[in-house]
Amino acid sequence: MDRLRAFEIFTTVVARGSFVRAAEALDTSPANVTRYIVELETHLGTRLLNRSSRKLSLTESGEALYERSRQILEEVAEAEALASATTLRPRGRLRLNVPVSFGILHLAPLWPLFMERYPEVELDVVLADRVVDLVEEGFDLGIRIARGGSPTYAARKLATSRNIVCASPGYLLGHPPPKVPADLREHACLGYTYAHTADEWRFTDAAGAEHVVKVRYAIHTNNGDTARAAAIAGRGVIWQPTFLIGADLRARRLVELLPGYRLPDIDVLAVYPSRRHLSAKVRVMVDFLVQAFAGKQAPWDR
């Protein structure tokens, strides 16, 4: 059994959610995919996937192998790219999809430096908060703000951002600050359309216990800056990442609430359609962004 190929097939099955879709993505047959999964489970002496007529789910062993397999495949792809692309010159059009607020605040200042360093690369930067299909819409690279990596694409982590619940001093003059998450039910909250938890905010306390509260939205928007502006104007409580509101917290335009409770952190990822045959222009952009955000603390938390 080719174990590297087995890892690739296994991770693709998990990412695509079915043997058939994995076979299509890998240009092979479902029978071949099934054979590799069975051989891998036999080799490891454990079941990796729970199979039913409707869906697949990972076993505990499968979850552990999935995370490690993804890392191994990314490392192999990076080694291949380094070996095959060292003689290639970065050139041509590089089409990027980036989130609006993050793109304006933290990426726009970097583009002139990249252009100076790689003058033969033509940047085409499209700002959009919706999640696009990179392959279908013709993007070479995307920046994603997400939890837990990217199940669909190859990814490099650039940074981590904390999520903070906060409100303006003006709002807090007329509304007592919440002491526990459940108190948020008595407050006007400002919602973000693409938040994966919708109107349920999930906190973890110092002991690791989870607290889930269903909030009431005074405004709902698909743009973080719109929610931020409403919060600064005193219209309610906001939950946003520090890459957007870090400067407001330092300037006391916004005040952190519920400091004893944590919201899940989110990762800033550079994602690209394939780990194999990475073009020189994509490789240098990924390396450039990794270097730009390198450090123990993200720039918005310093």
Determine the minimum heavy-atom distance between Val271 and Ala155, stating which atoms define it. CG1-CB, 3.8 Å
Any salt bridge linking Arg156 with Asp287? Criterion: basic side-chain nitrogen under 4.0 Å from a carboxylate oxygen. yes
Is there a path from Tyr261 to Leu257 through hydrophobic residues (I, L, V, M, F, W, Y) whose side chains come within less than 4.5 Å of each other? yes
Spell out, as yes or no, whether a donor-acceptor pair under 3.5 Å connects the side chain of Asp140 to the backbone of Arg95. yes
Same cluster or not: are Ile232 and Leu172 linked, directly or through other Ile, Leu, Val, Met, Phe, Trp or Tyr residues, by side-chain heavy atoms under 4.5 angstrom apart? no
Heavy-atom side-chain proximity of Leu263 to Arg202 below 4.5 angstrom: no
Can you name the nearest heavy-atom pair linking Phe10 to Gly62, along with the distance? CZ-O, 3.6 Å
Go through it in stages, so that I can follow the logic: the residues are Val286 and Arg283, the test is side-chain contact (heavy atoms from CB on, under 4.5 Å), and I'd like the CA-CA distance, side-chain angles, deciding distance and then a yes or no. CA-CA 5 Å; Val286 172; Arg283 176 177 54 82; over 6 Å; no
When rounded to the nearest 0.5 angstrom, what is the spacing between CG in Leu96 and CZ in Phe114? 8.0 Å
Could you walk me through whether Val98 and Leu141 satisfy the side-chain contact (heavy atoms from CB on, under 4.5 Å) test, starting with their C-alpha distance in whole Å, then the side-chain angles of each, then the deciding distance to 0.1 Å, before giving a yes or no? CA-CA 9 Å; Val98 304; Leu141 182 72; over 6 Å; no
Over 60° means perpendicular and under 30° means parallel, so classify the ring planes of Tyr171 and His187, tilted if in between. tilted
Indicate yes or no: at least one non-hydrogen side-chain atom of Ile219 is less than 4.5 angstrom from one of Arg235. no
Correct closest heavy-atom pair for Leu258 and Pro178 would be CD2-O, 3.5 Å
Is there a donor-acceptor pair closer than 3.5 Å between any side-chain N or O of Glu200 and the backbone N or O of Val213? no
Check Asp129 against Val100 and note the closest heavy-atom contact, atom names and distance. OD1-N, 2.9 Å
Check whether any side-chain heavy atom of Phe293 lies under 4.5 Å from a side-chain heavy atom of Leu110, and answer yes or no. yes
Using modelled atom types and a 3.5 Å cut-off, is there a donor and acceptor pairing between side-chain atoms of Asp133 and backbone atoms of Glu137? no
Between OG of Ser168 and CZ of Arg252, what distance do you get to the nearest 0.5 Å? 11.0 Å
Quick check against the 3.5 Å criterion: does Arg144 have a side-chain atom that pairs as donor or acceptor with the backbone of Ala146? no
Hey, does the side chain of Arg91 reach the backbone of Pro119 with a donor-acceptor pair shorter than 3.5 angstrom? no
Do Asn222 and Arg130 have side-chain atoms, one donor and one acceptor, less than 3.5 Å apart? no
Val215-Leu254 co-clustered via ILVMFWY side chain contacts under 4.5 Å: no
Do Val20 and Ile9 sit in the same hydrophobic cluster, where Ile, Leu, Val, Met, Phe, Trp and Tyr count as joined when their side-chain heavy atoms come under 4.5 Å apart? no
Could you tell me whether Glu24 and Arg21 make a salt bridge, using a distance below 4.0 angstrom between a side-chain N and a carboxylate O? no
Apply the test side-chain contact (heavy atoms from CB on, under 4.5 Å) to residues Ile145 and Ser161: give CA-CA distance (whole Å), side-chain angles for both, the deciding distance (0.1 Å), then the verdict. CA-CA 9 Å; Ile145 312 296; Ser161 184; over 6 Å; no
What residues, two or more places apart in sequence or in another chain, satisfy salt bridge (Lys or Arg N to Asp or Glu O under 4.0 Å) together with Arg253? Asp248
Aromatic ring proximity, centroids under 6.0 angstrom, Phe243 and Phe102: yes
I'd like to know whether CD of Glu210 has more than 12 heavy-atom contacts from other residues, nucleotides or ligands below 6.0 angstrom. yes
Same cluster or not: Val290 versus Met115, using hydrophobic residues (I, L, V, M, F, W, Y) connected whenever any side-chain heavy atoms lie under 4.5 Å apart? yes
Check whether more than 12 heavy atoms from other residues, nucleotides or ligands sit under 6.0 Å from atom CD of Glu186, and answer yes or no. no
Whether over 12 other heavy atoms sit under 6.0 Å from Glu120 CD: yes
Just by modelled atom types, is the Leu269 backbone N or O under 3.5 Å from a matching donor or acceptor in the Asp267 side chain? no
Validation row: Leu58, Val14 side chains within 4.5 angstrom (heavy atoms): yes
With the threshold set at 4.0 Å, does a side-chain nitrogen-carboxylate oxygen contact exist between Asp265 and Arg162? no
Regarding Thr11 and Ser69, do their side chains bring together a donor and an acceptor under 3.5 Å, going by distance alone? no
Between the CG atom in Leu48 and the CD1 atom in Ile37, the distance rounded to the nearest 0.5 Å is 7.0 Å
Short side-chain donor-acceptor distance under 3.5 Å, His220 and Tyr192: no
Considering only heavy atoms from C-beta outward, does the side chain of Leu56 approach that of Asn50 to under 4.5 Å? no
Go through it in stages, so that I can follow the logic: the residues are Arg262 and Asn163, the test is side chain to side chain donor-acceptor pair (under 3.5 Å), and I'd like the CA-CA distance, side-chain angles, deciding distance and then a yes or no. CA-CA 8 Å; Arg262 283 188 66 89; Asn163 279 312; over 6 Å; no
So which atom in Leu73 and which in Phe7 form the shortest heavy-atom distance, rounded to 0.1 Å? CD1-O, 4.0 Å
Mind checking the CG-CG spacing from Leu44 to Leu65? Nearest 0.5 Å is all I need. 6.0 Å
So Leu49 and Ser57, do their side chains get closer than 4.5 Å, heavy atoms only? no
For a 4.5 angstrom cut-off between non-hydrogen side-chain atoms, does Val126 reach Val132? no
Can you tell if the side chain of Val268 reaches within under 4.5 Å of the side chain of Lys157, non-hydrogen atoms only? no
List the steps and the verdict of side-chain contact (heavy atoms from CB on, under 4.5 Å) for Leu94 and Met285. CA-CA 9 Å; Leu94 179 61; Met285 174 58 81; 3.7 Å; yes
Tell me whether Arg93 is salt-bridged to Asp124, with the criterion being a basic N under 4.0 Å from an acidic carboxylate O. yes
Does Arg5 have more than 12 heavy atoms from other residues, nucleotides or ligands lying within 6.0 Å of its CZ? yes
Nearest heavy-atom neighbours spanning Gly224 and Ser101: N-OG, 4.3 Å
Rounding to 0.5 Å, atoms CD1 (Ile266) and OG1 (Thr242) come to a distance of 7.5 Å
May I ask you to decide if the ring planes of Trp201 and Trp239 are parallel, tilted or perpendicular, using 30° and 60° as cut-offs? perpendicular
Please answer whether the main-chain N or O of Thr28 pairs with a side-chain N or O of Asn32 as donor and acceptor at a distance below 3.5 Å. no
Atom pair CG (Leu289) and CD1 (Ile143), whose distance is rounded to the nearest 0.5 Å: 5.0 Å
Would you check if the side chain of Thr221 reaches a backbone N or O of Ala227 as a donor-acceptor pair within less than 3.5 Å? no
